[in-house]
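Hydrogens, waters and symmetry mates play no part in the numbers below; they use all other heavy atoms, side chains included. Count residues from 1 along the sequence.
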Amino acid sequence: MLAMLLGVLTVLGTYFFIETESPIPKLISPVVLNVAKMLPIKTQPQVSGDGKTAITKLLATPAYEPHLSDSELLTMIQSHRAELNLEALNLNSDLVNIADIITDEIATNVSNYDSIKFEDIISKAVKENSYLYPEVKHLSVVGPLENLAAFNAMLSNDRQRELLESSADKLIGISTHELDDPDKSGIIVIVLASEPKKKVALAPQSTEYNFPPISDNEVLEALNRYRHDHGIPQLIEHPMLCQYAEKRVQDQVAFGGLDHHEGFKKDFENLENLPEAIKQYPGGRIGENLAYQNCKNMTTGDSFVAETGTALIEWCFDSSTMGHREAQLDPKFTASCVRHQDGYFVVLFGE
């Protein structure tokens, strides 16, 4: 019993020296260092200038998780074109919209990818939105979860490489999506086009449209009813999320269309330089849903103007295959805020 008690005290004492990084008395230093080597945590002995020994706990290096990024992929494409002395492509919200539609279609029918009629999908999107581009081309890759791997896959295909290196096309739209399946597949869609036949707004959305008024509170109330119906706890409006939501609405207005969350991603690229509202937000993970009041139900394929907060929540967001429904039903989110302007709606979620 005495030996067992002594062993327990030795282990506990070693944990004490590891957590506090206190100097270890020379008399017991060899014993503590040997016990530390047997513990299930990585440690490293440190000797100070005065000869005192302490133990420092080594932080585990987080495992790298591959991911896709629209902005990083666009940078790779622009760099490749620059090497060939080709003009940089302009990110266009019309083409981003078409790329999103194609991505949704692939995500829904990924097992039948080879039989998807992309030309028909593009023609329908162009017609429904009254786009005036002479020709819209597309390329897509399914599988890679890293931008470089996806980009190399495009260059290895003669047709796709020719599209990326075309001097005729001036505009580009990019959409990426990571499937939550056992294979963890990625979807990358790029849409290219030359300038439209005549000057049109870059975005399919028109800020002059006389939309039925929907208040921010109405959308938040509809969201909480939706969560209640699914047995998910209610969300409470947080002022810091509201401050950031206002900023994100202005991003959409300045962009002239939904920015495909690019502004959101850019704001969080450097954790040392976050927007002030996010710095002051006391919670953890932040999520974002974007919608235009003239939206599309991805289940039925019907385009419509949302006239109520319920329509935005239960028809625009709920039908999306791009993670919007999942964000609305995430029980870990406890706070939210909604802001809108000119038909653009930003819904923020926070843990």
A.B. asks: Drop me the distance from Gln243's CD to Gln280's CD, to the nearest 0.5 angstrom.
C.D. replies: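 It is 6.5 Å, given to the nearest 0.5 Å.
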
A.B. asks: With a 4.5 Å cut-off on side-chain heavy-atom distances among I, L, V, M, F, W and Y, is there a chain of contacts connecting Ile174 to Leu86?
C.D. replies: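 No, Ile174 and Leu86 fall in different hydrophobic clusters.
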
A.B. asks: Hey, does the side chain of Glu246 reach the backbone of Arg339 with a donor-acceptor pair shorter than 3.5 angstrom?
C.D. replies: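 Side chain of Glu246 to backbone of Arg339, a donor-acceptor pair under 3.5 Å: no, none is there.
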
A.B. asks: What is the minimum heavy-atom distance between Ile214 and Ala306, and which atoms define it?
C.D. replies: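 Ile214 and Ala306 have their closest heavy atoms at CD1-O, 3.6 Å.
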
A.B. asks: Just do the side-chain contact (heavy atoms from CB on, under 4.5 Å) check on Leu329 and Tyr226 with the steps written out, would you?
C.D. replies: CA-CA 8 Å; Leu329 294 177; Tyr226 173 86; 3.3 Å; yes

A.B. asks: Working to the nearest 0.5 angstrom, can you tell me the gap between Arg159 CZ and Leu139 CG?
C.D. replies: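 Arg159 CZ to Leu139 CG: 6.5 Å, rounded to 0.5 Å.
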
A.B. asks: Might you work through the side-chain contact (heavy atoms from CB on, under 4.5 Å) test for Phe333 and Ile232, ending with a clear yes or no?
C.D. replies: CA-CA 10 Å; Phe333 286 134; Ile232 309 298; over 6 Å; no

A.B. asks: Is the number of heavy atoms from other residues, nucleotides or ligands within 6.0 Å of CD1 (Ile236) greater than 12?
C.D. replies: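 No, not enclosed.
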
A.B. asks: Within the 4.5 Å heavy-atom criterion, are Cys337 and Met240 side-chain neighbours or not?
C.D. replies: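 No; the side chains remain at least 4.5 Å from each other.
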
A.B. asks: Treating Asp216 as the side-chain partner and His340 as the backbone partner, does any N or O pair qualify as donor plus acceptor under 3.5 Å?
C.D. replies: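 Checked: pair present.
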
A.B. asks: Specify the closest pair of heavy atoms between Pro275 and Tyr244, including all atoms of both residues, with the distance to one decimal.
C.D. replies: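 Closest approach of Pro275 to Tyr244, heavy atoms only: CG-CE1, 3.8 Å.
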
A.B. asks: Under the side-chain contact (heavy atoms from CB on, under 4.5 Å) test against Leu290, which residue among Val346, Val249, Asp251 passes?
C.D. replies: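 For Leu290, the side-chain contact (heavy atoms from CB on, under 4.5 Å) test succeeds with only one of Val346, Val249, Asp251, which is Val346.
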
A.B. asks: Contact between Ile77 and Ile190 at the side-chain level, heavy atoms closer than 4.5 Å - yes or no?
C.D. replies: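 A side-chain contact exists here, since the closest heavy-atom pair is under 4.5 Å.
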
A.B. asks: Kindly indicate whether the side chain of Ile98, heavy atoms from C-beta on, has any atom under 4.5 Å from the side chain of Ile102.
C.D. replies: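 A side-chain contact exists here, since the closest heavy-atom pair is under 4.5 Å.
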
A.B. asks: Would you check if the side chain of Ser140 reaches a backbone N or O of Ile188 as a donor-acceptor pair within less than 3.5 Å?
C.D. replies: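 Side chain of Ser140 to backbone of Ile188, a donor-acceptor pair under 3.5 Å: no, none is there.
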
A.B. asks: Rounded to the nearest 0.5 Å, how far does OH of Tyr281 lie from CD of Glu276?
C.D. replies: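 OH of Tyr281 is found 16.0 Å from CD of Glu276.
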
A.B. asks: If you look at every heavy atom in Glu269 and Ser71, which pair is closest and at what distance?
C.D. replies: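 Closest approach of Glu269 to Ser71: OE2-OG, 4.0 Å.
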
A.B. asks: Identify the two heavy atoms, one from Leu258 and one from Phe255, that lie closest to each other, and give their separation to 0.1 Å.
C.D. replies: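 The pair with the smallest heavy-atom distance is O-CE2, 3.5 Å.
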
A.B. asks: Is there a side-chain contact between Glu135 and Ser194 in this structure, where contact means two heavy atoms from C-beta onward sitting under 4.5 Å apart?
C.D. replies: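 No. Closest side-chain heavy atoms not under 4.5 Å.
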
A.B. asks: If you measure from CE on Met154 to NE2 on His80, what distance do you get to the nearest 0.5 Å?
C.D. replies: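 Here the rounded value is 11.5 Å.
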
A.B. asks: Before accepting this row, confirm whether a basic side-chain N of the pair Lys124/Asp120 lies closer than 4.0 Å to the acidic partner's carboxylate O.
C.D. replies: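 No, Lys124 and Asp120 are not salt-bridged.
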
A.B. asks: Find out whether Asn147 and Leu68 are in side-chain contact, i.e. whether some heavy atom of one side chain is under 4.5 Å from a heavy atom of the other.
C.D. replies: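 Side chain of Asn147 against side chain of Leu68, heavy atoms only: contact under 4.5 Å found.
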
A.B. asks: Is the Phe118 ring parallel, tilted or perpendicular to the His138 ring (thresholds 30°, 60°)?
C.D. replies: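 Correct class here is tilted.
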
A.B. asks: First locate atom CG of Asp259, then atom CZ of Phe264, and finally report the distance between them rounded to the nearest 0.5 Å.
C.D. replies: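 Those atoms lie 10.5 Å apart.
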
A.B. asks: Examine distances only and state if a side-chain atom of Ser166 and a backbone atom of Glu162 form a donor-acceptor pair shorter than 3.5 Å.
C.D. replies: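 Checking the backbone N and O of Glu162 against the side chain of Ser166, no donor-acceptor pair under 3.5 Å is found.
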
A.B. asks: So, Asn224 side chain and Leu235 main chain: donor-acceptor pair closer than 3.5 Å or not?
C.D. replies: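 Yes; at least one donor-acceptor contact below 3.5 Å.
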
A.B. asks: Between Glu165 and Leu155, is there a donor-acceptor pair closer than 3.5 Å when you use the side chain of the first and the backbone of the second?
C.D. replies: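 No, the answer is negative, given that no donor and acceptor are paired below the 3.5 Å cut-off.
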
A.B. asks: Report yes or no: do Val253 and Phe211 belong to one cluster of Ile/Leu/Val/Met/Phe/Trp/Tyr joined by side chain heavy-atom distances under 4.5 Å?
C.D. replies: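 Yes; tracing contacts between hydrophobic side chains, which count when under 4.5 Å, links both residues.
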
A.B. asks: Please answer: with hydrophobic residues joined when any side-chain heavy atoms are less than 4.5 Å apart, are Leu73 and Leu84 in the same cluster?
C.D. replies: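 Different hydrophobic clusters.
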
A.B. asks: Is there a side-chain contact (heavy atoms from CB on, under 4.5 Å) between Arg285 and Phe349? Walk through the geometry before answering.
C.D. replies: CA-CA 8 Å; Arg285 182 170 56 108; Phe349 303 88; over 6 Å; no

A.B. asks: Taking the side chain as every heavy atom from C-beta outward, state whether Phe317 and Cys295 have any pair of such atoms under 4.5 Å apart.
C.D. replies: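 When only atoms from C-beta onward are counted, Cys295 and Phe317 do not touch, as no gap falls below 4.5 Å.
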
A.B. asks: Short question: side chain of Glu218, backbone of Gly309 - any donor-acceptor pair under 3.5 Å?
C.D. replies: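 Yes; at least one donor-acceptor contact below 3.5 Å.
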
A.B. asks: Is it true that Glu351 and Lys332 make a salt bridge, defined as a side-chain N closer than 4.0 Å to a carboxylate O?
C.D. replies: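 Between Lys332 and Glu351 there is no salt bridge, as every charged N stays at least 4.0 Å from the carboxylate O atoms.
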
A.B. asks: Are more than 12 heavy atoms from other residues, nucleotides or ligands located less than 6.0 Å from atom NZ of Lys127?
C.D. replies: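 No - once you tally the heavy atoms of other residues, nucleotides and ligands closer than 6.0 Å, there are 12 at most.
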
A.B. asks: Is Val219 close to Leu223 at the side-chain level, that is, under 4.5 Å between some pair of heavy atoms?
C.D. replies: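 Contact flag for Leu223/Val219 side chains = no.
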
A.B. asks: Answer yes or no: is there a side-chain heavy-atom contact under 4.5 Å between Lys247 and Ile278?
C.D. replies: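 Contact flag for Lys247/Ile278 side chains = no.
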
A.B. asks: Checking Gln78 side chain against Leu89 main chain: does a donor-acceptor pair fall under 3.5 Å?
C.D. replies: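 Flag set: sc Gln78 to bb Leu89 pair under 3.5 Å.
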
A.B. asks: With a 3.5 Å distance limit and no angle check, can you tell me whether Asn152 reaches the backbone of Leu148 through a side-chain donor-acceptor pair?
C.D. replies: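 Answer holds: yes.
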
A.B. asks: Taking only Lys NZ, Arg NE, NH1 and NH2, and the carboxylate oxygens of Asp or Glu, determine whether Glu262 and Lys265 approach each other closer than 4.0 Å.
C.D. replies: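 The answer is yes: the pair qualifies as a salt bridge.
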
A.B. asks: So does Val347 get a backbone contact from the side chain of Arg248, meaning a donor-acceptor N/O pair under 3.5 Å?
C.D. replies: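 Answer holds: no.
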
A.B. asks: Ring centres of Tyr344 and Tyr292 under 6.0 Å apart?
C.D. replies: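 Close enough - the centres of the two rings lie under 6.0 Å apart.
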
A.B. asks: To check you understand the geometry: which heavy-atom pair defines the closest contact between Ala193 and Asp169, and what is its length?
C.D. replies: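 Closest approach of Ala193 to Asp169: C-OD1, 3.6 Å.
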
A.B. asks: I need the Leu220 CG to Leu348 CG distance, nearest 0.5 Å.
C.D. replies: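 One gets 11.0 Å once the value is rounded to the nearest 0.5 Å.
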
A.B. asks: Which heavy atom in Asn289 sits nearest to a heavy atom in Ala327, and how many Å separate them?
C.D. replies: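 For Asn289 and Ala327, the tightest heavy-atom pair comes out as OD1-CB, 3.9 Å.
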
